[in-house]
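Quick caveat: nothing in here was measured; it's all calculated off a predicted structure. The sequence lines fix the lettering, A, B, ..., with proteins before strands; numbering per chain opens at 1.
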Number of protein chains: 2
Amino acid sequence: MEMAEIDEGRPADEPKLSTKEKILDAAEELFAERGYYGVSIRQITQHAGVDLALANYHFGPKEELFRHVIARRAEEHSHRQMEYLQNAIAAAGDGPPSIEALVRAFCEPIFDRTMRGGPGWKHYIQLLSHTANTKQSHGFLAPMNERYDPVVEAFTDAFKRALPACAPHNVHYAVYFLQGAIVYLLAETGAINRQSHGLVDASDFDAILERMVPFFAAGFYALAGRP
Amino acid sequence: MEMAEIDEGRPADEPKLSTKEKILDAAEELFAERGYYGVSIRQITQHAGVDLALANYHFGPKEELFRHVIARRAEEHSHRQMEYLQNAIAAAGDGPPSIEALVRAFCEPIFDRTMRGGPGWKHYIQLLSHTANTKQSHGFLAPMNERYDPVVEAFTDAFKRALPACAPHNVHYAVYFLQGAIVYLLAETGAINRQSHGLVDASDFDAILERMVPFFAAGFYALAGRP
DNA sequence: GTCTATAATGAGATAGAC
DNA sequence: GTCTATCTCATTATAGAC
């Protein structure tokens with residue numbers, strides 16, 4: 001909840017992190033890498049360099065710690081996604097938005113944070129990918145996934161306006177495919193590096209984006225001409 | 001390893017499963033749903049209706065049980081994927097294969113098994129999706145993911161022959177996007193059901209496939225015209 | 001091959017001193 | 001806010017009776 005707290009005017013380049021931040025950073029990294037059940041509180045506090053008991057003291061039980069990890073960045077992230085969407089819409093003036101611009105606006109804030117947001121954001125995005133690909137059989141994951149539904153729905157609405165001739169359900173299919181590709185790309189498993197023998201680098205999201213925009217835009221156009 | 005074993009001529013419709021099969025079935029289902037670390041041996045044996053000690057007796061430690069779950073179906077599945085690929089190539093005669101046929105051949109054996117292969121196959125495919133989206137920070141996942149590299153590479157080669165004007169690395173990007181969508185679709189998280197307010201059903205892979213073929217074929221064509 | 005019983009370890013959580 | 005020590009419980013794994 002309260003993140004910066006007192007923070008008595010120390011400069012931003014000072015590496016002194018509060019205990020809460022150290023725990024959140026470590027939890028974020030390890031949850032992203034091995035999943036919720038693959039990490040213990042002991043591993044988190046050890047990786048953070050703090051005492052075991054402090055995790056429970058500051059954040060309560062493990063599920064609550066997980067929720068705090070998500071809550072720390074969720075609002076800022078979804079807010080920026082909406083900004084990119086508004087910019088893509090505004091760039092088209094009074095006309096319908098450009099499909100290419102919408103595809104780019106959907107991917108770019110995520111890719112940008114992964115590549116240039118620092119390690120914390122990179123881990124957070126990977127954690128998003130991990131949970132987005134997980135069935136919510138355990139309830140505490142549900143609010144996290146549902147948090148991004150409004151963003152997806154706003155993009156879907158914009159796609160519908162950009163393709164008025166396209167049947168609405170086909171727009172949903174197309175957005176579904178786009179979401180899927182993004183979720184998989186963000187996992188950065190490295191499979192594509194092996195399969196392409198180095199021709200494609202899973203961590204070079206700039207190069208990936210330049211292929212995604214024409215690729216998925218063409219897909220949208222192809223579905224627009226179908227009943 | 002030895003799956004059918006003695007199997008003294010009892011009919012195929014008999015529901016009597018061996019203890020090993022009961023354990024493998026339960027492990028397959030629970031691993032697919034909650035991941036490797038999210039499931040205990042106790043839950044698996046309880047779900048299978050057998051004694052706790054039998055899991056270790058038949059399969060050794062937990063990681064070995066996981067490997068057996070994968071090994072049971074991996075060869076048959078990758079073999080069928082290759083068959084679909086060969087059929088798509090053969091259908092084109094002496095000419096280059098059709099992009100649409102290749103996209104279909106890439107998706108169809110997976111979707112078919114998920115929808116019509118019975119619950120065991122459905123769980124296995126979901127487990128594949130889960131591990132395909134997981135970084136191999138724990139070594140025992142690596143052989144599982146690498147097992148499907150030859151299949152992906154064979155499809156990629158066919159796509160390259162179908163699009164001789166396309167730069168090879170762009171074919172790899174396109175296959176990467178296609179893989180990603182498939183992995184996400186197979187997870188069946190239900191997010192698309194919420195987001196589309198019921199217009200799209202995540203479990204209806206027949207309807208999904210009919211949109212995927214034109215969508216991704218158009219993407220391939222779009223990338224073919226780029227340097 | 002199966003089951004009971006138990007060992008050995010690691011887990012999440014907390015009380016209480018500082 | 002921090003750390004030591006501990007409680008309680010669940011986990012994997014196995015020994016030994018049947």
Side-chain angles (χ1 to χ4, degrees), chain A residues 1-8 10 14-31 33-70 137-141, chain B residues 1-8 10 14-31 33-70 137-141:
Chain A
M1 298 298 133
E2 62 291 344
M3 202 43 47
E5 278 184 328
I6 332 179
D7 210 340
E8 299 151 347
R10 56 173 167 78
E14 178 142 344
K16 272 218 171 139
L17 296 173
S18 71
T19 297
K20 289 175 77 167
E21 285 166 330
K22 283 192 275 192
I23 294 172
L24 287 175
D25 287 345
E28 187 171 58
E29 178 175 353
L30 296 179
F31 282 149
E33 202 172 293
R34 307 181 218 171
Y36 178 79
Y37 297 105
V39 186
S40 67
I41 307 277
R42 296 180 135 81
Q43 292 171 314
I44 290 170
T45 51
Q46 186 174 345
H47 194 264
V50 305
D51 188 87
L52 164 65
L54 294 177
N56 188 278
Y57 171 78
H58 285 292
F59 300 105
K62 189 181 180 184
E63 290 194 4
E64 277 303 311
L65 171 58
F66 186 86
R67 266 187 276 264
H68 276 87
V69 169
I70 301 303
S137 37
H138 284 92
F140 67 99
L141 285 179
Chain B
M1 303 299 133
E2 62 291 341
M3 202 42 49
E5 279 182 327
I6 334 179
D7 209 340
E8 299 151 347
R10 55 174 168 77
E14 178 143 340
K16 274 222 170 135
L17 296 173
S18 72
T19 297
K20 289 175 78 167
E21 284 167 330
K22 282 193 276 192
I23 294 172
L24 287 175
D25 286 346
E28 187 171 57
E29 178 175 354
L30 296 178
F31 281 149
E33 202 171 294
R34 306 182 220 171
Y36 178 79
Y37 298 105
V39 186
S40 68
I41 308 276
R42 299 181 120 80
Q43 292 170 315
I44 290 170
T45 50
Q46 187 174 345
H47 196 263
V50 305
D51 188 86
L52 164 65
L54 294 177
N56 187 280
Y57 172 78
H58 285 292
F59 300 105
K62 188 181 178 184
E63 289 193 4
E64 278 303 311
L65 170 59
F66 186 85
R67 265 187 277 263
H68 276 86
V69 169
I70 301 303
S137 37
H138 283 90
F140 68 99
L141 285 179

Can you tell me the distance, in whole Å, between the [atom1] atom of [X] and the [atom2] atom of [N]?
| X | N | atom1 | atom2 | value |
| --- | --- | --- | --- | --- |
| A:Lys22 | D:dG1 | NZ | P | 13 Å |
| B:Leu17 | C:dG1 | CG | C1' | 17 Å |
| B:Phe66 | D:dA13 | CZ | C1' | 20 Å |
| A:Tyr57 | D:dG1 | OH | P | 4 Å |
| B:Glu63 | D:dT11 | CD | C1' | 15 Å |
| B:Leu54 | C:dT4 | CG | C1' | 12 Å |
| B:Lys20 | C:dT2 | NZ | P | 10 Å |
| B:Asn56 | C:dT2 | CG | C1' | 14 Å |

Separation between [atom1] of [X] and [atom2] of [Y], rounded to the nearest 0.5 Å:
| X | Y | atom1 | atom2 | result |
| --- | --- | --- | --- | --- |
| B:Lys22 | B:Lys16 | NZ | NZ | 9.0 Å |
| A:Lys62 | A:Ile44 | NZ | CD1 | 6.5 Å |
| B:Phe140 | B:Ile70 | CZ | CD1 | 10.0 Å |
| B:Ile23 | B:Asp51 | CD1 | CG | 9.0 Å |

What nucleotide among [options] has an atom nearest to a side-chain atom of [X]?
| X | options | value |
| --- | --- | --- |
| B:Asp51 | D:dT2, C:dC3, D:dC3 | C:dC3 |
| B:Pro61 | D:dA15, D:dT2, D:dA13 | D:dA13 |
| A:Thr19 | D:dT4, D:dT2, C:dT2 | D:dT2 |

Original post:
Would you say B:Gln46 has more than 12 foreign heavy atoms packed within less than 6.0 Å of its CD?
Top reply: no
Original post:
Counting only heavy atoms not in A:Gln43, do more than 12 fall under 6.0 Å of its CD?
Top reply: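 Count over threshold, so yes.
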**OP:** Treat primed atoms plus P, OP1 and OP2 as sugar-phosphate and everything else as base, then score nucleotides 6-11 of chain C 5' to 3': B for base contact with protein heavy atoms under 4.0 Å, S for sugar-phosphate contact only, - for none.
**Re:** -----B
Original post:
Short question: side chain of A:Tyr36, backbone of B:Gly38 - any donor-acceptor pair under 3.5 Å?
Top reply: no
